[in-house]
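These figures come from a predicted structure and were not determined experimentally. Convention: sequence-line order gives letters A, B, ...; per-chain numbering from 1.
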Amino acid sequence: MRLSRFFLPVLKETPSDAQIVSHQLMLRAGMIKQNGAGIYSWLPLGLRVLRKIEKIVREEQNRAGAIEVLMPTIQPAELWQESGRYDAYGKEMLRIQDRHDREMLYGPTNEEMITDLFRSYVRSYKQMPLNLYHIQWKFRDEIRPRFGVMRGREFLMKDAYSFDIDEESARKSYYKMFCAYLNTFSRLGLKAIPMRADTGPIGGDLSHEFIILAETGESAVFCDADLVNMAAPGPELDFESDLLPEVEKRTQYYAATEEMHDEARFLSEVPEERRLSARGIEVGHIFYFGDKYSKAMKAVVNGPDGKEVAVQMGSYGIGVSRLVGGIIEACHDEKGVIWPKEIAPFDCAVVNLRAGDDDCDAACEQAYERLINAGFDPLYDDTDDRPGAKLSKLELIGIPSAIVIGPRGLKNGVVELRNRKTGATEEISLDAALNKLTAGV
RNA sequence: CGGGGCGUGGCGCAGUCUGGUAGCGCAUCUGUUUUGGGAACAGAGGGUCGUUGGUUCGAAUCCAGCCGCCCCGACCA
(Lines give C-alpha, C1' and ligand atoms only; values in the text may rest on other atoms or scores of the structure.)
Protein backbone atom coordinates (compact mmCIF):
# COMPACT_ATOMS: atom_id res chain seq x y z
CA MET A 1 0.00 0.00 0.00
CA ARG A 2 1.29 3.40 -0.96
CA LEU A 3 0.88 5.83 1.89
CA SER A 4 -0.01 8.59 -0.56
CA ARG A 5 -3.12 6.62 -1.48
CA PHE A 6 -3.94 5.19 1.92
CA PHE A 7 -6.29 6.74 4.44
CA LEU A 8 -4.29 7.27 7.59
CA PRO A 9 -5.45 10.32 9.55
CA VAL A 10 -2.80 10.50 12.26
CA LEU A 11 -2.96 13.15 14.96
CA LYS A 12 0.04 15.02 16.23
CA GLU A 13 -1.61 15.95 19.47
CA THR A 14 -3.26 13.67 21.96
CA PRO A 15 -7.02 14.08 22.07
CA SER A 16 -8.07 15.27 25.50
CA ASP A 17 -10.80 12.66 25.87
CA ALA A 18 -8.42 9.73 25.90
CA GLN A 19 -7.02 8.78 29.29
CA ILE A 20 -5.12 5.56 28.82
CA VAL A 21 -2.25 4.99 26.46
CA SER A 22 -3.93 2.47 24.17
CA HIS A 23 -6.88 4.79 23.60
CA GLN A 24 -4.59 7.74 22.96
CA LEU A 25 -2.43 5.80 20.55
CA MET A 26 -5.38 4.33 18.68
CA LEU A 27 -6.76 7.81 18.11
CA ARG A 28 -3.39 9.29 17.24
CA ALA A 29 -2.46 6.47 14.88
CA GLY A 30 -5.73 6.90 13.01
CA MET A 31 -7.08 3.47 13.96
CA ILE A 32 -10.47 4.46 15.30
CA LYS A 33 -12.87 7.37 15.45
CA GLN A 34 -15.30 7.79 18.27
CA ASN A 35 -18.94 8.13 17.24
CA GLY A 36 -20.51 8.19 20.68
CA ALA A 37 -19.83 7.01 24.21
CA GLY A 38 -18.30 3.55 23.82
CA ILE A 39 -19.02 3.40 20.07
CA TYR A 40 -16.27 3.55 17.47
CA SER A 41 -15.66 3.46 13.75
CA TRP A 42 -12.70 1.37 12.70
CA LEU A 43 -10.45 3.22 10.29
CA PRO A 44 -8.29 1.33 7.78
CA LEU A 45 -5.27 0.87 10.02
CA GLY A 46 -7.31 -0.26 13.00
CA LEU A 47 -9.45 -2.53 10.88
CA ARG A 48 -6.38 -4.30 9.55
CA VAL A 49 -5.32 -5.15 13.08
CA LEU A 50 -8.81 -6.18 14.10
CA ARG A 51 -9.03 -8.52 11.11
CA LYS A 52 -5.67 -10.07 11.84
CA ILE A 53 -6.64 -10.82 15.42
CA GLU A 54 -9.94 -12.22 14.21
CA LYS A 55 -8.11 -14.46 11.76
CA ILE A 56 -5.84 -15.93 14.40
CA VAL A 57 -8.73 -16.47 16.78
CA ARG A 58 -10.66 -18.21 14.00
CA GLU A 59 -7.75 -20.43 12.99
CA GLU A 60 -7.19 -21.59 16.54
CA GLN A 61 -10.87 -22.23 17.14
CA ASN A 62 -10.99 -24.32 13.99
CA ARG A 63 -7.87 -26.18 15.00
CA ALA A 64 -9.50 -27.09 18.30
CA GLY A 65 -12.50 -28.50 16.47
CA ALA A 66 -14.96 -25.65 16.92
CA ILE A 67 -17.18 -24.88 13.94
CA GLU A 68 -18.00 -21.37 12.81
CA VAL A 69 -21.52 -20.02 12.39
CA LEU A 70 -22.83 -16.47 12.32
CA MET A 71 -25.79 -15.40 14.37
CA PRO A 72 -27.48 -12.02 14.10
CA THR A 73 -26.83 -8.96 16.21
CA ILE A 74 -30.55 -8.33 16.64
CA GLN A 75 -32.49 -10.98 18.51
CA PRO A 76 -36.17 -11.45 19.25
CA ALA A 77 -37.04 -11.13 22.94
CA GLU A 78 -38.92 -14.45 23.13
CA LEU A 79 -35.80 -16.55 23.49
CA TRP A 80 -34.69 -14.46 26.42
CA GLN A 81 -38.10 -14.63 28.01
CA GLU A 82 -37.83 -18.38 27.74
CA SER A 83 -34.50 -18.55 29.55
CA GLY A 84 -35.66 -16.03 32.11
CA ARG A 85 -32.87 -13.61 31.33
CA TYR A 86 -35.06 -11.02 29.64
CA ASP A 87 -36.01 -9.71 33.05
CA ALA A 88 -32.79 -10.67 34.79
CA TYR A 89 -30.40 -8.91 32.45
CA GLY A 90 -31.33 -5.38 33.36
CA LYS A 91 -30.48 -2.13 31.68
CA GLU A 92 -27.27 -3.35 30.11
CA MET A 93 -29.39 -4.96 27.45
CA LEU A 94 -30.37 -2.59 24.69
CA ARG A 95 -34.05 -3.21 24.03
CA ILE A 96 -35.65 -2.04 20.84
CA GLN A 97 -38.93 -2.41 19.02
CA ASP A 98 -39.49 -3.09 15.36
CA ARG A 99 -42.23 -1.45 13.27
CA HIS A 100 -44.80 -3.96 14.49
CA ASP A 101 -43.92 -3.13 18.09
CA ARG A 102 -42.32 -6.53 18.50
CA GLU A 103 -39.80 -6.63 21.28
CA MET A 104 -36.25 -7.06 20.04
CA LEU A 105 -32.82 -6.60 21.53
CA TYR A 106 -29.28 -6.01 20.38
CA GLY A 107 -27.52 -9.15 21.57
CA PRO A 108 -25.15 -8.80 24.52
CA THR A 109 -24.35 -12.53 24.21
CA ASN A 110 -25.79 -15.57 22.44
CA GLU A 111 -26.47 -18.45 24.82
CA GLU A 112 -30.20 -18.40 24.14
CA MET A 113 -29.84 -18.18 20.41
CA ILE A 114 -27.28 -20.95 20.17
CA THR A 115 -29.33 -23.16 22.45
CA ASP A 116 -32.31 -22.60 20.19
CA LEU A 117 -30.16 -23.43 17.17
CA PHE A 118 -28.96 -26.62 18.80
CA ARG A 119 -32.36 -27.87 19.90
CA SER A 120 -33.77 -27.24 16.45
CA TYR A 121 -31.53 -29.81 14.83
CA VAL A 122 -29.78 -32.08 17.29
CA ARG A 123 -31.62 -35.08 18.68
CA SER A 124 -28.97 -37.67 19.43
CA TYR A 125 -25.88 -37.99 21.55
CA LYS A 126 -24.19 -39.26 18.39
CA GLN A 127 -24.12 -35.74 17.00
CA MET A 128 -22.03 -34.60 19.92
CA PRO A 129 -19.70 -33.32 21.16
CA LEU A 130 -20.38 -30.14 19.26
CA ASN A 131 -18.77 -26.74 19.61
CA LEU A 132 -20.18 -23.84 17.60
CA TYR A 133 -18.74 -20.37 17.62
CA HIS A 134 -19.14 -17.06 15.91
CA ILE A 135 -17.35 -13.74 15.78
CA GLN A 136 -19.94 -11.03 15.96
CA TRP A 137 -20.59 -7.55 17.28
CA LYS A 138 -22.30 -7.31 20.62
CA PHE A 139 -23.78 -4.45 22.51
CA ARG A 140 -23.88 -3.96 26.25
CA ASP A 141 -25.21 -0.67 27.43
CA GLU A 142 -22.58 -0.19 30.10
CA ILE A 143 -23.31 2.45 32.67
CA ARG A 144 -19.98 3.98 32.00
CA PRO A 145 -18.01 3.00 28.93
CA ARG A 146 -14.36 4.02 29.07
CA PHE A 147 -10.83 3.29 27.98
CA GLY A 148 -11.63 3.38 24.27
CA VAL A 149 -12.25 -0.03 22.74
CA MET A 150 -11.22 -1.76 25.95
CA ARG A 151 -14.60 -1.05 27.46
CA GLY A 152 -16.82 0.02 24.64
CA ARG A 153 -20.53 -0.56 24.51
CA GLU A 154 -20.32 -2.08 21.07
CA PHE A 155 -17.57 -4.66 20.81
CA LEU A 156 -16.47 -7.56 18.66
CA MET A 157 -16.40 -10.87 20.44
CA LYS A 158 -15.68 -14.46 19.62
CA ASP A 159 -18.07 -16.65 21.54
CA ALA A 160 -18.05 -20.42 21.36
CA TYR A 161 -20.61 -22.77 22.88
CA SER A 162 -19.99 -26.43 23.58
CA PHE A 163 -22.62 -29.15 23.80
CA ASP A 164 -21.96 -32.50 25.44
CA ILE A 165 -23.94 -35.46 26.64
CA ASP A 166 -22.47 -35.53 30.15
CA GLU A 167 -20.14 -33.69 32.44
CA GLU A 168 -17.14 -35.85 31.69
CA SER A 169 -17.40 -35.07 28.03
CA ALA A 170 -18.10 -31.40 28.78
CA ARG A 171 -14.87 -31.23 30.76
CA LYS A 172 -12.98 -32.42 27.72
CA SER A 173 -14.61 -29.73 25.62
CA TYR A 174 -13.58 -27.22 28.25
CA TYR A 175 -9.97 -28.39 28.21
CA LYS A 176 -9.88 -28.04 24.43
CA MET A 177 -10.88 -24.42 24.65
CA PHE A 178 -8.49 -23.88 27.52
CA CYS A 179 -5.60 -25.06 25.35
CA ALA A 180 -6.89 -23.29 22.25
CA TYR A 181 -6.85 -20.05 24.22
CA LEU A 182 -3.27 -20.56 25.32
CA ASN A 183 -2.24 -21.04 21.69
CA THR A 184 -4.35 -18.14 20.48
CA PHE A 185 -2.91 -15.59 22.88
CA SER A 186 0.59 -16.88 22.33
CA ARG A 187 0.23 -16.30 18.59
CA LEU A 188 -1.02 -12.80 19.33
CA GLY A 189 2.28 -12.13 21.04
CA LEU A 190 0.75 -12.09 24.51
CA LYS A 191 1.47 -13.81 27.76
CA ALA A 192 -2.03 -14.64 28.87
CA ILE A 193 -2.40 -16.15 32.31
CA PRO A 194 -5.32 -18.46 33.05
CA MET A 195 -6.82 -17.52 36.40
CA ARG A 196 -9.47 -19.31 38.32
CA ALA A 197 -12.72 -17.36 38.05
CA ASP A 198 -15.92 -17.26 39.99
CA THR A 199 -18.23 -20.03 38.85
CA GLY A 200 -21.28 -18.54 40.51
CA PRO A 201 -24.18 -20.82 41.37
CA ILE A 202 -22.87 -23.68 39.21
CA GLY A 203 -19.80 -24.23 41.35
CA GLY A 204 -16.91 -26.44 40.43
CA ASP A 205 -13.51 -25.60 39.03
CA LEU A 206 -14.42 -24.97 35.42
CA SER A 207 -14.19 -21.25 34.86
CA HIS A 208 -11.07 -19.34 33.97
CA GLU A 209 -10.32 -15.82 32.97
CA PHE A 210 -7.35 -15.24 30.69
CA ILE A 211 -5.47 -12.19 31.86
CA ILE A 212 -2.69 -10.18 30.28
CA LEU A 213 -0.54 -8.01 32.49
CA ALA A 214 -0.60 -4.25 31.96
CA GLU A 215 -0.06 -1.30 34.25
CA THR A 216 -3.42 0.11 33.28
CA GLY A 217 -5.24 -3.16 33.88
CA GLU A 218 -8.63 -2.92 35.48
CA SER A 219 -8.13 -5.37 38.28
CA ALA A 220 -5.37 -6.43 40.58
CA VAL A 221 -4.05 -9.92 39.96
CA PHE A 222 -1.86 -12.24 42.02
CA CYS A 223 0.01 -15.18 40.65
CA ASP A 224 3.07 -17.35 40.56
CA ALA A 225 5.69 -15.80 38.28
CA ASP A 226 6.57 -19.23 36.90
CA LEU A 227 3.13 -19.49 35.35
CA VAL A 228 3.50 -16.22 33.46
CA ASN A 229 6.42 -17.37 31.37
CA MET A 230 5.17 -20.87 30.62
CA ALA A 231 5.02 -21.51 26.87
CA ALA A 232 1.77 -22.41 25.13
CA PRO A 233 1.24 -26.03 24.01
CA GLY A 234 1.84 -24.99 20.39
CA PRO A 235 0.44 -26.01 17.02
CA GLU A 236 1.51 -29.64 17.37
CA LEU A 237 -0.94 -30.19 20.18
CA ASP A 238 -3.30 -33.04 19.38
CA PHE A 239 -6.73 -31.85 20.45
CA GLU A 240 -8.05 -35.40 20.40
CA SER A 241 -5.55 -36.47 23.03
CA ASP A 242 -5.99 -36.19 26.77
CA LEU A 243 -5.52 -32.49 27.47
CA LEU A 244 -5.92 -32.63 31.22
CA PRO A 245 -2.14 -32.71 31.83
CA GLU A 246 -1.70 -29.52 29.79
CA VAL A 247 -4.43 -27.86 31.84
CA GLU A 248 -3.18 -29.10 35.18
CA LYS A 249 0.35 -28.03 34.37
CA ARG A 250 -0.99 -24.52 34.70
CA THR A 251 -3.87 -24.74 37.13
CA GLN A 252 -1.53 -26.17 39.77
CA TYR A 253 -0.07 -22.68 40.14
CA TYR A 254 -1.66 -20.00 42.19
CA ALA A 255 -3.29 -17.34 40.00
CA ALA A 256 -6.25 -15.18 40.96
CA THR A 257 -7.85 -11.85 40.28
CA GLU A 258 -8.71 -9.69 43.25
CA GLU A 259 -12.27 -11.07 43.51
CA MET A 260 -10.93 -14.60 43.95
CA HIS A 261 -7.73 -13.72 45.78
CA ASP A 262 -6.91 -15.52 49.00
CA GLU A 263 -3.94 -13.80 50.58
CA ALA A 264 -3.23 -16.59 53.05
CA ARG A 265 -3.12 -19.21 50.31
CA PHE A 266 -1.01 -16.95 48.13
CA LEU A 267 1.58 -16.54 50.86
CA SER A 268 1.69 -20.20 51.75
CA GLU A 269 1.64 -21.66 48.23
CA VAL A 270 3.96 -19.28 46.39
CA PRO A 271 7.60 -18.79 47.39
CA GLU A 272 8.32 -15.14 48.08
CA GLU A 273 10.60 -14.57 45.09
CA ARG A 274 7.92 -15.85 42.71
CA ARG A 275 5.02 -13.84 44.11
CA LEU A 276 3.75 -11.54 41.44
CA SER A 277 1.11 -8.94 42.17
CA ALA A 278 0.27 -6.72 39.25
CA ARG A 279 -2.62 -5.39 37.25
CA GLY A 280 -4.30 -7.25 34.44
CA ILE A 281 -6.74 -7.01 31.57
CA GLU A 282 -9.22 -9.78 30.97
CA VAL A 283 -9.05 -10.85 27.33
CA GLY A 284 -10.85 -14.17 27.52
CA HIS A 285 -13.23 -16.06 29.75
CA ILE A 286 -14.25 -19.68 29.59
CA PHE A 287 -17.11 -21.16 31.52
CA TYR A 288 -18.87 -24.44 32.08
CA PHE A 289 -22.46 -23.93 33.08
CA GLY A 290 -24.03 -27.36 32.77
CA ASP A 291 -27.70 -27.49 31.91
CA LYS A 292 -28.64 -23.96 32.93
CA TYR A 293 -29.93 -23.03 29.46
CA SER A 294 -30.57 -26.47 28.05
CA LYS A 295 -32.99 -27.23 30.87
CA ALA A 296 -34.81 -23.91 30.68
CA MET A 297 -35.04 -24.10 26.91
CA LYS A 298 -35.53 -27.84 26.60
CA ALA A 299 -32.40 -28.59 24.60
CA VAL A 300 -32.51 -32.35 25.09
CA VAL A 301 -31.12 -35.32 23.20
CA ASN A 302 -31.48 -39.06 23.42
CA GLY A 303 -28.59 -40.74 25.18
CA PRO A 304 -27.24 -44.24 24.46
CA ASP A 305 -29.84 -45.63 26.84
CA GLY A 306 -32.66 -44.03 24.88
CA LYS A 307 -33.48 -41.58 27.63
CA GLU A 308 -33.74 -37.86 27.05
CA VAL A 309 -31.21 -35.68 28.83
CA ALA A 310 -30.63 -31.94 28.87
CA VAL A 311 -27.25 -31.28 27.30
CA GLN A 312 -24.24 -29.97 29.18
CA MET A 313 -23.01 -26.63 27.93
CA GLY A 314 -20.07 -24.30 28.22
CA SER A 315 -19.33 -20.91 26.73
CA TYR A 316 -16.00 -19.44 25.74
CA GLY A 317 -15.43 -15.77 24.97
CA ILE A 318 -12.58 -13.75 23.57
CA GLY A 319 -12.88 -9.97 23.40
CA VAL A 320 -11.55 -9.43 19.89
CA SER A 321 -11.91 -5.65 19.73
CA ARG A 322 -10.78 -5.31 23.33
CA LEU A 323 -7.62 -7.19 22.40
CA VAL A 324 -6.58 -4.40 20.04
CA GLY A 325 -6.43 -2.04 23.00
CA GLY A 326 -5.08 -4.71 25.32
CA ILE A 327 -2.21 -5.54 23.02
CA ILE A 328 -1.27 -1.88 22.74
CA GLU A 329 -1.29 -1.58 26.52
CA ALA A 330 1.20 -4.44 26.60
CA CYS A 331 3.17 -3.39 23.51
CA HIS A 332 4.12 0.28 23.23
CA ASP A 333 6.75 2.81 24.17
CA GLU A 334 6.84 6.59 24.43
CA LYS A 335 6.94 6.90 20.64
CA GLY A 336 3.95 4.76 19.82
CA VAL A 337 2.71 1.24 19.23
CA ILE A 338 5.01 -1.76 18.79
CA TRP A 339 2.95 -4.42 17.05
CA PRO A 340 3.75 -8.08 17.48
CA LYS A 341 4.57 -9.45 14.02
CA GLU A 342 1.48 -11.56 13.52
CA ILE A 343 -1.01 -8.75 13.96
CA ALA A 344 0.84 -5.72 12.65
CA PRO A 345 -1.30 -3.76 10.18
CA PHE A 346 1.56 -4.00 7.67
CA ASP A 347 4.43 -6.48 7.72
CA CYS A 348 7.03 -3.86 7.06
CA ALA A 349 7.54 -0.41 5.60
CA VAL A 350 9.58 1.17 2.87
CA VAL A 351 10.41 4.79 3.60
CA ASN A 352 11.45 7.13 0.83
CA LEU A 353 13.35 9.95 2.51
CA ARG A 354 13.48 12.03 -0.66
CA ALA A 355 10.42 11.40 -2.77
CA GLY A 356 11.00 12.87 -6.21
CA ASP A 357 14.69 12.02 -6.27
CA ASP A 358 15.21 9.58 -9.14
CA ASP A 359 17.60 7.28 -7.31
CA CYS A 360 15.49 7.16 -4.16
CA ASP A 361 12.28 6.60 -6.10
CA ALA A 362 13.83 3.78 -8.12
CA ALA A 363 15.32 2.03 -5.11
CA CYS A 364 12.06 2.34 -3.17
CA GLU A 365 9.94 1.07 -6.02
CA GLN A 366 12.24 -1.91 -6.35
CA ALA A 367 12.11 -2.65 -2.63
CA TYR A 368 8.33 -2.25 -2.57
CA GLU A 369 7.77 -4.58 -5.50
CA ARG A 370 10.16 -7.22 -4.30
CA LEU A 371 8.49 -7.32 -0.92
CA ILE A 372 5.08 -7.71 -2.53
CA ASN A 373 6.39 -10.44 -4.83
CA ALA A 374 7.80 -12.21 -1.78
CA GLY A 375 4.29 -12.33 -0.35
CA PHE A 376 4.61 -9.46 2.07
CA ASP A 377 2.16 -6.69 2.75
CA PRO A 378 4.34 -3.57 2.95
CA LEU A 379 3.48 0.06 3.51
CA TYR A 380 5.41 2.35 1.20
CA ASP A 381 5.78 5.91 2.43
CA ASP A 382 6.07 7.70 -0.90
CA THR A 383 4.89 11.07 0.40
CA ASP A 384 7.07 14.16 0.33
CA ASP A 385 7.04 14.78 4.07
CA ARG A 386 10.28 15.54 5.81
CA PRO A 387 12.33 12.59 7.08
CA GLY A 388 11.63 13.37 10.71
CA ALA A 389 7.90 13.44 10.16
CA LYS A 390 7.99 10.15 8.30
CA LEU A 391 10.01 8.34 10.90
CA SER A 392 7.87 9.64 13.74
CA LYS A 393 4.72 8.51 11.98
CA LEU A 394 6.23 5.10 11.33
CA GLU A 395 7.09 4.73 15.00
CA LEU A 396 3.64 5.89 16.03
CA ILE A 397 1.83 3.29 13.96
CA GLY A 398 4.27 0.59 15.04
CA ILE A 399 5.22 -1.29 11.88
CA PRO A 400 7.71 -3.97 13.00
CA SER A 401 10.47 -3.25 10.52
CA ALA A 402 11.35 -0.77 7.83
CA ILE A 403 13.77 -0.17 5.02
CA VAL A 404 14.68 3.51 5.04
CA ILE A 405 16.07 4.78 1.77
CA GLY A 406 17.68 8.18 1.34
CA PRO A 407 20.10 9.89 -1.04
CA ARG A 408 22.97 9.95 1.42
CA GLY A 409 22.91 6.20 1.96
CA LEU A 410 22.38 5.39 -1.69
CA LYS A 411 25.57 7.27 -2.55
CA ASN A 412 27.41 4.76 -0.40
CA GLY A 413 25.36 1.87 -1.69
CA VAL A 414 23.43 1.31 1.55
CA VAL A 415 19.97 1.64 2.98
CA GLU A 416 18.91 1.53 6.61
CA LEU A 417 17.11 -1.46 8.06
CA ARG A 418 15.23 -0.61 11.24
CA ASN A 419 13.61 -2.70 13.89
CA ARG A 420 10.77 -0.96 15.71
CA LYS A 421 10.91 -3.09 18.80
CA THR A 422 14.63 -3.05 19.50
CA GLY A 423 15.27 0.29 17.89
CA ALA A 424 18.24 -1.32 16.15
CA THR A 425 19.34 0.12 12.82
CA GLU A 426 21.89 -1.21 10.40
CA GLU A 427 23.26 0.19 7.18
CA ILE A 428 23.49 -2.51 4.56
CA SER A 429 22.89 -2.91 0.86
CA LEU A 430 19.31 -2.93 -0.41
CA ASP A 431 19.69 -6.56 -1.42
CA ALA A 432 20.92 -7.54 2.00
CA ALA A 433 18.11 -5.63 3.66
CA LEU A 434 15.49 -7.29 1.48
CA ASN A 435 16.99 -10.69 2.08
CA LYS A 436 16.95 -10.17 5.80
CA LEU A 437 13.39 -8.95 5.80
CA THR A 438 12.04 -11.70 3.61
CA ALA A 439 13.92 -14.29 5.63
CA GLY A 440 11.99 -13.04 8.65
CA VAL A 441 15.04 -11.82 10.51
C1' C B 1 -27.60 6.27 38.67
C1' G B 2 -24.75 9.55 42.57
C1' G B 3 -20.48 13.13 42.63
C1' G B 4 -17.18 16.35 39.59
C1' G B 5 -15.66 18.67 34.93
C1' C B 6 -16.00 20.15 29.92
C1' G B 7 -18.49 21.83 25.08
C1' U B 8 -15.05 28.27 21.17
C1' G B 9 -12.26 26.93 12.92
C1' G B 10 -10.03 19.84 11.59
C1' C B 11 -6.92 19.04 16.51
C1' G B 12 -5.04 21.26 21.23
C1' C B 13 -6.30 25.60 23.89
C1' A B 14 -6.97 31.11 25.63
C1' G B 15 -10.96 34.51 26.13
C1' U B 16 -16.17 33.71 30.44
C1' C B 17 -14.90 35.87 36.89
C1' U B 18 -15.32 41.95 35.35
C1' G B 19 -20.93 41.73 28.72
C1' G B 20 -18.94 45.75 23.62
C1' U B 21 -19.49 41.20 18.15
C1' A B 22 -13.45 36.09 18.60
C1' G B 23 -7.76 34.94 19.33
C1' C B 24 -3.15 31.64 19.72
C1' G B 25 -0.37 27.08 18.36
C1' C B 26 -0.67 22.98 15.15
C1' A B 27 -3.04 21.32 10.72
C1' U B 28 -5.03 22.88 5.60
C1' C B 29 -4.46 25.61 0.57
C1' U B 30 -1.00 28.63 -2.98
C1' G B 31 4.03 30.09 -4.12
C1' U B 32 9.35 30.07 -3.30
C1' U B 33 13.52 28.00 -0.96
C1' U B 34 14.42 23.46 1.45
C1' U B 35 14.99 17.96 2.68
C1' G B 36 18.90 11.73 7.06
C1' G B 37 14.48 13.03 13.24
C1' G B 38 7.88 16.40 13.28
C1' A B 39 11.40 22.84 7.82
C1' A B 40 11.57 28.47 6.73
C1' C B 41 9.47 32.65 4.53
C1' A B 42 5.33 35.12 2.06
C1' G B 43 0.23 34.94 1.20
C1' A B 44 -4.83 32.65 1.80
C1' G B 45 -9.19 30.07 3.48
C1' G B 46 -11.95 28.29 7.57
C1' G B 47 -15.78 29.54 13.66
C1' U B 48 -23.92 32.47 13.74
C1' C B 49 -18.55 30.14 20.47
C1' G B 50 -23.24 22.46 21.70
C1' U B 51 -28.54 23.82 21.63
C1' U B 52 -33.15 26.39 23.02
C1' G B 53 -35.11 30.21 25.62
C1' G B 54 -34.42 34.50 28.96
C1' U B 55 -31.94 39.25 30.86
C1' U B 56 -29.67 43.51 28.19
C1' C B 57 -29.00 48.96 23.71
C1' G B 58 -25.55 44.83 23.14
C1' A B 59 -24.25 37.83 25.22
C1' A B 60 -18.80 33.11 23.81
C1' U B 61 -19.23 35.87 28.53
C1' C B 62 -24.93 36.57 33.02
C1' C B 63 -29.60 33.19 34.13
C1' A B 64 -32.66 28.66 33.12
C1' G B 65 -33.80 24.20 30.48
C1' C B 66 -32.13 20.48 27.15
C1' C B 67 -28.29 17.59 24.43
C1' G B 68 -23.43 15.53 24.14
C1' C B 69 -18.66 14.02 25.96
C1' C B 70 -14.93 13.04 29.84
C1' C B 71 -13.36 11.75 34.95
C1' C B 72 -14.34 9.25 40.12
C1' G B 73 -17.79 5.36 42.27
C1' A B 74 -21.16 0.93 41.96
C1' C B 75 -21.07 -2.63 37.13
C1' C B 76 -18.47 -5.38 33.20
C1' A B 77 -15.87 -9.41 27.37
Phosphate OP1/OP2 of B:C26 contacted by A:K12 side-chain N/O (<4.0 Å): no
A:R95 to A:Y86 six-membered ring, cation-pi geometry met (6.0 Å, 45°): yes
Sugar-phosphate only, base, or nothing, as touched by A:S392 at under 4.0 Å among non-hydrogen atoms: base
Main-chain N/O of A:E92 paired to A:E142 side chain as donor or acceptor, under 3.5 Å: no
Charged N-O contact under 4.0 Å between A:K436 and A:E426: yes
Side-chain donor-acceptor pair present, A:S219, A:E258, cut-off under 3.5 Å: no
Nearest to side-chain heavy atoms of A:Q19, which nucleotide of B:C71, B:G38, B:G36: B:C71
Short side-chain to backbone donor-acceptor contact, A:W339 and A:F346, under 3.5 Å: no
Sidechain N-carboxylate O distance under 4.0 Å for A:K52, A:E342: no
Sugar-phosphate, base or nothing in reach of A:E259, heavy atoms under 4.0 Å: nothing
Exercise: do A:Y368 and A:N352 side chains pair donor with acceptor under 3.5 Å: no
B:A39 OP1/OP2 closer than 4.0 Å to side-chain N/O of A:R386: yes
Of the listed nucleotides B:A27, B:G36, B:C69, the one nearest the side chain of A:Q34: B:C69
What does the list of N/O pairs under 3.5 Å between the protein and nucleotides 73-77 of chain B look like, with a distance for each?
| from | atom 1 | to | atom 2 | distance (Å) |
| --- | --- | --- | --- | --- |
| B:C75 | O2' | A:E92 | OE2 | 3.3 |
| B:C75 | N4 | A:R146 | NH2 | 3.0 |
| B:C76 | O2' | A:E142 | OE2 | 3.3 |
| B:C76 | O2 | A:R151 | NE | 3.0 |
| B:C76 | N3 | A:R151 | NH2 | 2.9 |
| B:C76 | N3 | A:E218 | OE1 | 3.4 |
| B:A77 | O3' | A:E282 | OE1 | 3.4 |
| B:A77 | O3' | A:E282 | OE2 | 2.3 |
| B:A77 | N6 | A:G152 | O | 2.6 |

Protein-nucleotides 23-25 of chain B N/O pairs under 3.5 Å:
| from | atom 1 | to | atom 2 | distance (Å) |
| --- | --- | --- | --- | --- |
| B:G25 | N2 | A:E13 | OE1 | 2.9 |

Touch class at under 4.0 angstrom, heavy-atom based, for A:P407 against every strand present: base
Sugar-phosphate only, base, or nothing, as touched by A:G409 at under 4.0 Å among non-hydrogen atoms: base
